[in-house]
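Protein chains get the first letters and strands the later ones, always in sequence-line order, with residue 1 at the start of each. Just so it is clear, the model here is predicted, and its values are computed rather than measured.
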Protein chains: 2
Amino acid sequence: MQRTSIEISYSPEEELIARYAKALSHPVRVRILHFLESQACCFTGELTEEIPMAQSTISQHLKELKEAGLIQGDVMPPRVKYCINQKAWAEAKKVFAVFFDK
Amino acid sequence: MQRTSIEISYSPEEELIARYAKALSHPVRVRILHFLESQACCFTGELTEEIPMAQSTISQHLKELKEAGLIQGDVMPPRVKYCINQKAWAEAKKVFAVFFDK
DNA sequence: CAGATTCATCGTCTATTTGCGATGAACAAT
DNA sequence: ATTGTTCATCGCAAATAGACGATGAATCTG
């Protein structure tokens with residue numbers, strides 16, 4: 001989308017906040033994370049029961065959360081168990097807190 | 001984008017977090033807010049000098065931040081002074097803190 | 001081996017986001 | 001009145017996001 005010759009570059013902090021914020025920028029992902037917090041872990045199937053959306057859509061949101069680093073998935077055939085990535089979670093908590101505290 | 005008959009509805013908290021997160025989901029908006037924090041307030045012109053992007057693009061990002069409620073603009077002809085909306089800022093800080101603390 | 005189950009991925013469609021230049025509105029200064 | 005300054009908005013193009021159904025991969029169960 002950048003079409004000029006000057007490529008704007010961002011600091012790691014700016015990128016990190018934007019990345020975590022993007023993961024939280026859709027209400028259904030907020031809900032998924034909230035559910036995951038309350039359960040510690042859960043299977044995809046529990047989410048598809050809980051949330052009235054197509055299974056493929058939920059799977060895609062899980063993928064985005066995984067790519068943002070906020071969750072991780074353990075394959076337990078034939079299911080997949082998703083959990084909060086505690087390290088990333090703590091980091092996200094921190095960067096937001098720092099950002100808002102200035 | 002919703003094409004099925006069942007319309008999923010979200011809680012006010014889910015919507016609020018998603019709204020603030022969306023505002024922070026682009027690194028240039030993070031930078032703008034950061035700059036605004038450090039200056040208390042600033043004019044659009046300062047941002048266009050600081051950030052190598054077209055004036056129209058910056059203006060649009062400011063609009064998004066304003067629509068999210070995080071900033072406000074005071075018209076001081078011929079310029080516009082932008083400031084953090086302290087109330088919304090505090091609210092955003094709180095909802096993120098609460099969200100990550102569970 | 002033949003189903004059944006669970007989930008990811010693909011392809012498609014539509015909507016939204018992001019970027020830019022050009023233009024316009026509002027006002028100040030000459 | 002004309003000009004200049006500052007900023008928002010419009011219109012366009014390209015990229016990304018979001019939703020779905022269909023299909024596929026992997027693994028159990030009978």
Side-chain angles (χ1 to χ4, degrees), chain A residues 1-10 14-15 18-32 35-36 41-68 71-83, chain B residues 1-10 14-15 18-32 35-36 41-68 71-83:
Chain A
M1 216 162 314
Q2 184 74 28
R3 270 137 63 197
T4 59
S5 52
I6 302 164
E7 179 68 52
I8 183 168
S9 73
Y10 302 101
E14 287 165 344
E15 301 269 18
R19 181 158 65 88
Y20 287 138
K22 193 170 193 174
L24 294 174
S25 72
H26 192 297
V28 84
R29 289 197 289 270
V30 174
R31 179 173 297 188
I32 288 171
F35 188 76
L36 229 39
C41 290
C42 79
F43 298 103
T44 309
E46 299 178 63
L47 290 167
T48 59
E49 284 172 20
E50 198 73 17
I51 300 170
M53 275 186 163
Q55 177 263 326
S56 59
T57 305
I58 298 203
S59 190
Q60 219 162 355
H61 283 298
L62 286 169
K63 186 184 179 183
E64 289 179 59
L65 289 172
K66 199 162 59 178
E67 281 172 358
I71 66 172
Q72 57 198 37
D74 293 344
V75 180
M76 300 176 67
R79 299 189 288 178
V80 177
K81 190 178 73 173
Y82 283 101
C83 309
Chain B
M1 215 160 316
Q2 184 72 30
R3 270 138 64 198
T4 59
S5 52
I6 301 165
E7 180 69 51
I8 181 167
S9 72
Y10 301 101
E14 287 165 344
E15 301 268 19
R19 182 158 65 88
Y20 286 137
K22 194 170 193 173
L24 295 173
S25 73
H26 192 297
V28 84
R29 290 197 289 271
V30 174
R31 180 173 296 188
I32 289 172
F35 188 77
L36 229 40
C41 289
C42 79
F43 297 105
T44 309
E46 299 178 63
L47 289 168
T48 58
E49 284 171 21
E50 198 73 18
I51 299 170
M53 274 185 162
Q55 177 264 323
S56 60
T57 306
I58 299 205
S59 191
Q60 216 162 355
H61 283 298
L62 286 169
K63 186 183 179 185
E64 289 179 60
L65 290 172
K66 199 162 59 178
E67 282 173 359
I71 67 172
Q72 57 198 38
D74 293 345
V75 180
M76 300 176 67
R79 299 189 287 177
V80 177
K81 190 178 71 172
Y82 282 101
C83 309

- Report the residues that fulfil side-chain contact (heavy atoms from CB on, under 4.5 Å) with A:E50, sequence neighbours left out, ordered by chain and then residue number.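 side-chain contact (heavy atoms from CB on, under 4.5 Å) check on A:E50 returns A:F35.
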- Message: When you measure from the side chain of B:R29 to the backbone of A:A18, do you find a donor-acceptor pair of N or O atoms at a distance under 3.5 Å?
- Response: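 No; zero donor-acceptor contacts below 3.5 Å.
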- Task: Would you confirm whether B:E49, through its side chain, and B:E46, through its main-chain N or O, come within 3.5 Å as a donor-acceptor pair?
- Result: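 No, B:E49 side chain to B:E46 backbone: no donor-acceptor pair under 3.5 Å.
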For the pair made of [atom1] in [X] and [atom2] in [N], what is the distance, rounded to whole Å?
{"X": "B:R19", "N": "C:dT17", "atom1": "CZ", "atom2": "P", "result": "14 Å"}
{"X": "B:L62", "N": "D:dC7", "atom1": "CG", "atom2": "P", "result": "10 Å"}
{"X": "B:H26", "N": "D:dA15", "atom1": "NE2", "atom2": "P", "result": "15 Å"}
{"X": "B:R79", "N": "D:dC7", "atom1": "CZ", "atom2": "C1'", "result": "12 Å"}
{"X": "B:K63", "N": "C:dG19", "atom1": "NZ", "atom2": "P", "result": "15 Å"}
{"X": "B:I58", "N": "C:dT18", "atom1": "CD1", "atom2": "C1'", "result": "13 Å"}
{"X": "B:D74", "N": "C:dA26", "atom1": "CG", "atom2": "P", "result": "18 Å"}
{"X": "B:L47", "N": "D:dT6", "atom1": "CG", "atom2": "C1'", "result": "13 Å"}

Scan nucleotides 23-28 of chain D against the protein and return all N/O pairs shorter than 3.5 Å with their distances rounded to 0.1 Å.
none

Look at the side chain of [X] and decide which nucleotide, out of [options], has an atom nearest to it.
{"X": "B:H61", "options": "D:dA17, D:dA8, C:dG19", "value": "C:dG19"}
{"X": "B:Q60", "options": "C:dA8, D:dA8, C:dC20", "value": "C:dC20"}
{"X": "A:V80", "options": "C:dC7, D:dG18, C:dT18", "value": "C:dC7"}
{"X": "B:T44", "options": "D:dC7, C:dC7, C:dT9", "value": "D:dC7"}
{"X": "B:S56", "options": "C:dT9, C:dG21, C:dG19", "value": "C:dG21"}

- Task: Using heavy atoms to find the nearest nucleotide of DNA chain C for B:E64 and A:S59 separately, return the residue whose nucleotide is more 5′.
- Result: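 Looking at the nearest nucleotide for each, A:S59 comes out on the 5' side.
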- Message: Holding to side-chain hydrogen bond (donor to acceptor under 3.5 Å, both in side chains), I want the full list of residues that pass it with B:R31, two or more places apart in sequence or in another chain.
- Response: A:E14
- Could you tell me how the ring of A:Y10 sits relative to the ring of B:H26: parallel (under 30°), tilted (30 to 60°) or perpendicular (over 60°)? perpendicular
- Query: Which atom pair, heavy atoms only, marks the closest approach of B:I58 to B:T48?
  - Reply: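 Nearest heavy atoms, B:I58 then B:T48: CD1-CA, 3.8 Å.
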- Query: Which atoms form the tightest heavy-atom contact between B:A68 and B:A23, and what is the distance?
  - Reply: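 Heavy atoms only, the tightest pair is CB-CB, 3.7 Å.
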- Heavy atoms under 4.0 Å, any strand shown: does B:K22 hit a base, just sugar-phosphate, or nothing?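 Result for B:K22 = sugar-phosphate.
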- Query: If you take atom types as modelled and just measure distance, does the side chain of A:T57 reach the base of D:dG18 with a donor-acceptor pair under 3.5 Å?
  - Reply: no
